[in-house]
Amino acid sequence: MFKTILYPTDFSDNAGKSIDYLKELRNAGAAKIVLLNVIHQRVLDTLETIHKAAYFQDGRYHEDREEAELRLVQERKNKMAPIAAELEAVGYEVKIRIEKGYPFREILKVEKEEAVSAIVMGSHGRNNFVKARIGTVSEKVMRRSVAPVLLVKR
Ligand SMILES: Nc1ncnc2c1ncn2[C@@H]1O[C@H](COP(=O)(O)OP(=O)(O)OP(=O)(O)O)[C@@H](O)[C@H]1O
Ligand SMILES: [Mg+2]
């Protein structure tokens, strides 16, 4: 029933709480996890601004911008490695994806592309506002996904 599970993470403690549940789902027949992190469009826009400034100083705008983005992707992959190892240790096949854009859109895109049977994610993430009953990413995913969503509470 839950063969392939999508686990989107922003590397927050709240998202990290999903890992224990993912391990349990292995006993319910889950076999593959797609680990996803989305580099937020805001971050990419900030890079753009910073490196535009760099361009005016040394004339290397394009190269710097691309290098910075590659570094960012590599950093995210490095952060995924221990999570993947932990899940592989309980017998999962793990696929890592780093996408760029708006988190909820990318999560829904990957849901379709990977034909996932369930999504497991935090009810909250990095912002973790005390008064927020639910995070904006988890709310949008929950409303629009086809697959059932397990929101792990903070
Ligand atoms: N950039 C991201 N990449 C992958 N998954 C994400 C990303 N951002 C959020 N998530 C997933 O969504 C869950 C809920 O996070 P969400 O961003 O909705 O809450 P928040 O950060 O507390 O509030 P806000 O709506 O202010 O961002 C996280 O636990 C994580 O599973
Ligand atoms: Mg967030």
Side-chain angles (χ1 to χ4, degrees), residues 1-51 65-90 92-154:
M1 191 177 184
F2 296 134
K3 192 173 178 297
T4 301
I5 297 174
L6 172 59
Y7 170 42
T9 179
D10 58 358
F11 306 112
S12 62
D13 289 346
N14 284 327
K17 286 184 179 163
S18 301
I19 295 171
D20 286 341
Y21 290 88
L22 291 170
K23 287 180 182 169
E24 289 298 325
L25 284 166
R26 180 82 186 102
N27 303 319
K32 181 178 172 183
I33 307 259
V34 179
L35 274 179
L36 168 66
N37 175 254
V38 182
I39 300 177
H40 202 291
Q41 188 58 47
R42 255 193 335 253
V43 174
L44 298 170
D45 290 345
T46 307
L47 275 189
E48 196 74 42
T49 309
I50 292 168
H51 289 277
R65 170 75 173 73
E66 276 166 29
E67 274 172 21
E69 202 168 306
L70 284 175
R71 255 202 318 279
L72 202 58
V73 171
Q74 192 53 51
E75 274 170 25
R76 304 286 173 107
K77 282 186 181 160
N78 294 346
K79 282 191 179 175
M80 283 296 198
I83 303 171
E86 196 175 342
L87 294 168
E88 279 162 359
V90 298
Y92 275 116
E93 177 195 340
V94 177
K95 176 172 181 179
I96 295 173
R97 291 190 57 161
I98 311 291
E99 301 294 326
K100 296 168 194 168
Y102 291 94
F104 83 93
R105 274 197 210 133
E106 297 304 309
I107 292 168
L108 294 169
K109 183 189 84 185
V110 172
E111 179 203 11
K112 282 205 193 80
E113 286 178 1
E114 304 284 347
V116 308
S117 36
I119 302 172
V120 177
M121 64 194 295
S123 63
H124 298 77
R126 294 186 89 84
N127 277 337
N128 200 24
F129 295 127
V130 178
K131 286 187 177 166
R133 273 178 286 180
I134 190 172
T136 57
V137 175
S138 37
E139 183 181 0
K140 288 193 188 105
V141 170
M142 191 183 67
R143 282 181 192 275
R144 300 179 199 206
S145 73
V146 176
V149 181
L150 176 63
L151 287 186
V152 177
K153 293 199 178 177
R154 63 180 167 188

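When a ligand or atom number is given, it counts from 1 through the structure's own listing order.
- If you number the atoms of ligand 1 from 1 as listed, the ones under 4.0 Å from a heavy atom of Phe129 come out as 26 (O).
- Nearest protein heavy-atom contact of atom 26 (O) of ligand 1 is Asn127 ND2, 2.7 Å.
- Against a heavy-atom cut-off of under 4.0 Å, His124 is close to the following atoms of ligand 1: 13 (C), 14 (C), 15 (O), 19 (O), 22 (O), 28 (C), 29 (O).
- Separating the CD atom in Glu88 from the CD atom in Glu93 is a distance of 9.0 Å, to the nearest 0.5 Å.
- For atom 25 (O) of ligand 1, the nearest protein heavy atom (residue, atom name, distance) is Thr136 OG1, 2.5 Å.
- Atom-to-atom distance recorded for His124:NE2 and Asp13:CG is 14.0 Å, nearest 0.5 angstrom.
- Here Leu36 has backbone heavy atoms under 4.0 Å from ligand 1, and that is the only part of it that gets that close.
- Under a 3.5 Å cut-off, the side chain of Glu111 and the backbone N or O of Ala147 do form a donor-acceptor pair.
- Distances between N or O atoms of Pro8 and those of ligand 1 include at least one value under 3.5 Å.
- For atom 20 (P) of ligand 1, the choice among Ser18, Gly125, Ser138 with the nearest heavy atom turns out to be Gly125.
- Listed by atom number, the atoms of ligand 1 under 4.0 Å from Asn128 heavy atoms are 20 (P), 22 (O).
- Judged by the shortest distance from any of its heavy atoms, Ala132 lies outside the 4.0 Å radius around the atoms of ligand 1.
- By the criterion of a heavy-atom distance under 4.0 Å, neither the backbone nor the side chain of Val141 is placed next to ligand 1.
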Stepwise side-chain hydrogen bond (donor to acceptor under 3.5 Å, both in side chains) check, Asn14 with Ser12: CA-CA 5 Å; Asn14 284 327; Ser12 62; 5.1 Å; no

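- From the protein, the heavy atom lying nearest to atom 13 (C) of ligand 1 is Gly122 O, 3.3 Å.
- Shortest contact from atom 8 (N) of ligand 1 to any protein heavy atom: Asp10 CB, 3.6 Å.
- Judged by a 6.0 Å distance limit and a 45° cone about the ring axis, Arg26 is positioned over the six-membered ring of Tyr92.
- Ranking the protein heavy atoms by distance from atom 17 (O) of ligand 1 puts Val137 CG2, 3.4 Å first.
- Atom CG of Leu36 is separated from atom NZ of Lys95 by 11.0 Å, given to the nearest 0.5 angstrom.
- Looking at Ser138, its side chain never comes within 3.5 Å of a backbone N or O of Ile134 through a donor-acceptor pair.
- At the shortest separation from atom 4 (C) of ligand 1 among protein heavy atoms lies Thr9 O, 3.2 Å.
- Proximity of Pro103 to ligand 1, defined as any heavy-atom pair under 4.0 Å, is confined to the side chain (atoms from C-beta onward).
- Taking CD1 from Ile19 and NZ from Lys17, the interatomic distance works out to 12.0 Å, rounded to the nearest 0.5 Å.
- Under a 4.0 Å criterion applied to the non-hydrogen atoms of Asn37, ligand 1 contributes the atoms 3 (N), 4 (C).
- With respect to atom 11 (C) of ligand 1, the closest heavy atom belonging to the protein is Met121 CE, 3.7 Å.
- No N or O atom of Ile107 sits closer than 3.5 Å to an N or O atom of ligand 1.
- Side-chain contact check for Thr9 versus Met80: some heavy-atom pair is nearer than 4.5 Å.
- Ion pairing between Glu106 and Lys100 fails under the 4.0 Å rule for side-chain N and carboxylate O.
- Protein heavy atom nearest atom 1 (N) of ligand 1, with residue, atom name and distance: Val38 O, 2.9 Å.
- Taking Tyr21 as the reference, Leu150, Val152 meet the side chain to side chain contact (heavy atoms under 4.5 Å, CB included) condition, with sequence neighbours excluded.
- Residue pairs meeting the salt bridge (charged side-chain N to carboxylate O under 4.0 Å, His left out) criterion with at least one member in residues 130-154, sequence neighbours excluded: Glu139-Arg143.
- Residue Arg126 approaches ligand 1 through these ligand atoms, each under 4.0 Å from one of its heavy atoms: 21 (O).
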